[in-house]
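The sequence lines fix the lettering, A, B, ..., with proteins before strands; numbering per chain opens at 1. If you're wondering where the values come from, they're calculated on a predicted model, not measured in any experiment.
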Amino acid sequence: MRRRPPQVVPLLSLRWRMLRKKPLMVGLGVAAMLGLLLLLLGIVGGANFPLGHVAPQGFSATDLVPSDGIPDHRGEVAVLIPTAMLAFALLCLVAPIAAGGGYELFPDSELVAYPVRVSTLVRMSLVLSPLNVAWYVQVLLLTAATAYSLRGPHGPTPPILVLLLFLGACTSIGQALGWGLVGVRRTRNGRTFTWVLLGTAVLVAGWVVVTDRGAAMLDAAPTKWVLLAQLQAAKGDFVSPLPLVGELVLVILLGYLVSVRVAAWALRRPGDLGVDGPLARPVNRRGPATTVARELLRVDRASVWRSPPLRRGLLVLAVLPVAAAAIASLPWSSIALLPPLVASGAALLFGVNALSLDGSGAIWVSTLPHDPALVLRSKARVVAEVVSGAVIIVLVGAAARASNAPNLVDLVSAVGASLSCVALVVASCMRLSVTRPHRAELRGARDTPAPPGSMALYSLRLASITTCVGLVFSAATLGDVWQFPVCVTLLLLAWSLWSWTRTKTLWNDPEVRVRVVTTVAAG
Amino acid sequence: MSAHTGAGSAPVDVTGLYVRFGAVEAVSGLDLRVTAGGSVALVGRNGAGKSTTLRVLGGVIPPSAGQVRVAGVDAVGDPRRAREVVGYCPDVGGLIPRATPWEHLQLAARLRGMPEGWEQRARDLLDRFDLSGAADRVTSGFSHGMGRRLSVLLAAFHEPPVLLLDEPFDGVDPLGVEATLEEVRRARMRGAAVLVSTHLLDLAVAACDEAVVLRSGQVVAAAPAAELSGEAGRARYRELLT
């Protein structure tokens, strides 16, 4: 029997070659090396970090890891690991669902002429999983925390190996679930079913919040068994964790095999999108808008709401962060960290390539007599609406369930962090949209506004900016000078305005506009 | 070489047009005139410069050099005014994917400042191009042919003095082709200049009375379109292409 030719490596290599621009290739290469280096540094640093001492009445580390009878900080960190694992598992389940069944190296339309196997699609999606800042940051934190708190006579390697198996199992199951949902959603009944499922999840989350069962649920999380296996491995007992290790290996393999089967089913399944789906259904006709700007804005808003991947992303952004913030019941000092996280997530839906909303129609729009600045302003406004909407929702949810009462500095910091992040993110998005345009259909369930490598760099860039901003405002809550967050806010708003002005100047150049328009219209 | 389609006023008047994309010269010193009521077919191989020429006339891309006047307006000096007098159907897509045909028409009417009553003209055109039933569906669900028909409709919507159609017949069914030919006829009757770029020689002959053959961004021949019909015409065309 003829051996089937490999597909993943040629496709990955083609995607790499398609980056074309040397700086982008170098940037990606450096980012990948830095990512790996940071991971190693986290492990080595964690394993060698001073243990410190805690008062005996505090957390008893000896319950978890005997440390010569002297209690230290390891126990405090170790007890958080099951919750962090749970958060990672949740991310692995939600991310492929939000991505519409796994990540794409190439849009479906570009591979349609080639006999690409389903297993190739699943493997490519697995390969792309780490190109997600949330996935990577959680892995980084979990490995560093494991290296610090579960170090034993054999160093941090044994518990980290158990952890890696757990991470692999979660990623593998997430893929299967994501593809399953793609198949289910191909019919109207399936779509209704997923809405019911989502509603139920929201109700359950609400019930957990209202009845204050969050802590009890976290305590009962099955991830504590993984921690136990890590502890046994850390102590040099390599026999006791074997059953769990075997189960995790089995889950990884089964998850992969099931993903391939489910993906094949999902992609083969005849859907009703052609005759009964959203594309075939007429939309309500509205009267003309009162101004040109409003007419453009109306079309742009519709372009967002009528795009399946954007709609799903907005829904995830509206539900997940607010549910997490409500369940976690954060103190006001941490609430300033939330707007930055949500803002960068919202921007990645389409903001980093906002001008692609017009698709091939960008050429037609450019032939209509109008002030080109109106088009850019309209796109910026839609991005600002989406980002600020997501920020407001998470802020309200977190504030309603905050664990303490805020003082003036807390309030000013939270508002300042929100305003600054929205302004910074919108300014960055519009800059990227004009300087790094991509053709993006944003039509299929798994479409993204830019290719995977670019998306990884964009998410890194936005997350770095917004996390720094969040940390500054969070630090501001430690003091009692409300003028400090106000000054930082004004400074960041001024910087955003300057960046926006530069982008507008760039957009006014006809040659820049031509390049953007022809790229988003035809690639 | 220039293609003169009459000695009267020329709504399309291009002199010494050059378009360069980096080291590539897409159009090299093109001269072209289309008179009011005249129609010219731009024909030639892929990459001959047909679409680029139409994109310059449509105000999508600025020329590297040369003079371009549309309906008396300097398209280089006053591109915004030029867009008011041009109706352009792009060669690919040309439609906002998640907007409906009616929303496209609404946007065009607003941006072009069309007077009250444009709705009736819009409905008539939708009927003629058999798109009334799909007027409120998003265009990303359209077939290629439906998209082409809508692009032609949008180009002709404001009854421009210059109508530019790039591959208007590509993938369009016979009824759609008839509707497009009818629109070209109507435009010419009201005195518009029509420029059609196509690879379909028979339809170029049916739509236009003049044909201009482009090669490597230059005009290599200009003749009455009828001369390119039939076996002899096709043979001559093939010679001009190589």
Side-chain angles (χ1 to χ4, degrees), chain A residues 273-274 277-296 298-308 310 356-372 374-375 439-444 509-511 513-515 517-518 521-523, chain B residues 21 54-62 64 76 78-100 102-114 116 118-119 133-142 147 150-151 154-155 158 160 164 166:
Chain A
L273 289 172
L279 296 183
R281 278 199 294 270
V283 299
N284 289 333
R285 195 179 285 189
R286 290 192 295 180
T290 48
T291 62
V292 170
R294 285 189 184 165
E295 197 72 61
L296 284 166
R298 186 188 277 188
V299 171
D300 287 335
R301 281 181 182 152
S303 291
V304 174
W305 288 110
R306 290 174 190 164
S307 162
L310 299 188
S356 72
L357 282 180
D358 286 340
S360 66
I363 286 188
W364 174 70
V365 172
S366 74
T367 66
L368 298 174
H370 65 286
D371 175 6
L374 284 177
V375 172
R439 180 171 182 258
E441 294 275 333
L442 296 174
R443 177 185 174 182
D509 180 348
E511 290 198 1
R513 279 205 309 277
V514 168
R515 191 176 53 81
V517 163
T518 48
Chain B
F21 301 113
L54 289 191
R55 283 185 178 196
V56 171
L57 287 164
V60 178
I61 54 175
S64 305
V76 183
D78 190 357
R80 188 167 168 176
R81 174 86 186 94
R83 286 183 196 121
E84 287 176 10
V85 294
V86 167
Y88 171 61
C89 158
D91 56 336
V92 284
L95 302 173
I96 301 172
R98 288 172 293 282
T100 67
W102 190 258
E103 286 165 348
H104 278 83
L105 290 160
Q106 228 166 19
L107 182 65
R110 167 64 68 188
L111 263 59
R112 293 191 179 283
M114 288 172 71
E116 292 284 321
W118 61 264
E119 290 92 343
D136 296 310
R137 279 171 46 195
V138 294
T139 59
S140 59
F142 280 16
L150 179 57
S151 284
L154 289 169
H158 58 297
L164 310 170
D166 198 352

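For chain B, the option among A:Val304, A:Val517, A:Asp371 with the highest count of heavy-atom pairs below 4.5 Å is A:Asp371. With chain B as partner, the option from A:Pro372, A:Ser307, A:Gly287, A:Gly361 having the largest number of non-hydrogen pairs under 4.5 angstrom is A:Gly361. Counting heavy-atom pairs closer than 4.5 Å to chain B, the top-ranked of the candidates A:Arg285, A:His370, A:Glu511 is A:Arg285. Ranking A:Thr290, A:Leu296, A:Val365 against chain B, the residue ahead of the rest is A:Thr290, based on heavy-atom pairs under 4.5 Å. When the candidates A:Ala302, A:Pro288, A:Gly359 are compared by the number of heavy-atom contacts under 4.5 Å with chain B, A:Pro288 comes out ahead. Heavy-atom pairs under 4.5 Å with chain A were tallied for B:Gly59, B:Pro62, B:Pro90; the largest tally goes to B:Pro62. By number of non-hydrogen pairs under 4.5 angstrom with chain B, the leading residue of A:Thr367, A:Leu357, A:Val514 is A:Thr367.
Interface remark: A:Arg286 contributes backbone atoms only to the contact with chain B (heavy atom separation under 4.5 Å). When heavy atoms are compared at a cutoff of 4.5 Å, A:Leu374 does not approach chain B at all. Looking at A:Ala362, there are no atoms closer than 4.5 Å to chain B (heavy atoms on both sides), in backbone or side chain.
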Exercise for review: Tell me, with the steps shown, if B:Ile96 and A:Trp364 meet side chain to side chain contact (heavy atoms under 4.5 Å, CB included).
Suggested key: CA-CA 8 Å; B:Ile96 301 172; A:Trp364 174 70; 4.3 Å; yes
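Listed by chain and residue number, nothing satisfies the salt bridge (charged side-chain N to carboxylate O under 4.0 Å, His left out) test with B:Asp166 (two or more places apart in sequence, or in another chain).
Residues B:His104 and A:Val299 fail the side-chain proximity criterion, which asks for heavy atoms closer than 4.5 Å. When side chains are defined from C-beta on, B:Arg110 does not count as touching A:Leu368, because their heavy atoms never get closer than 4.5 Å. Between B:Leu107 and A:Arg298, every side-chain heavy-atom pair lies at or beyond the 4.5 Å cut-off. Using a 4.5 Å heavy-atom cutoff, the side chains of B:Arg98 and A:Leu442 are in contact.
Summarising the geometry of A:Pro369 relative to B:Arg112, their closest heavy-atom pair is CD-NH1, 3.4 Å, with the distance given to 0.1 Å.
Residues of residues 81-89 of chain B lying under 4.5 angstrom from chain A, judged on non-hydrogen atoms, are B:Arg83, B:Glu84, B:Tyr88 by number.
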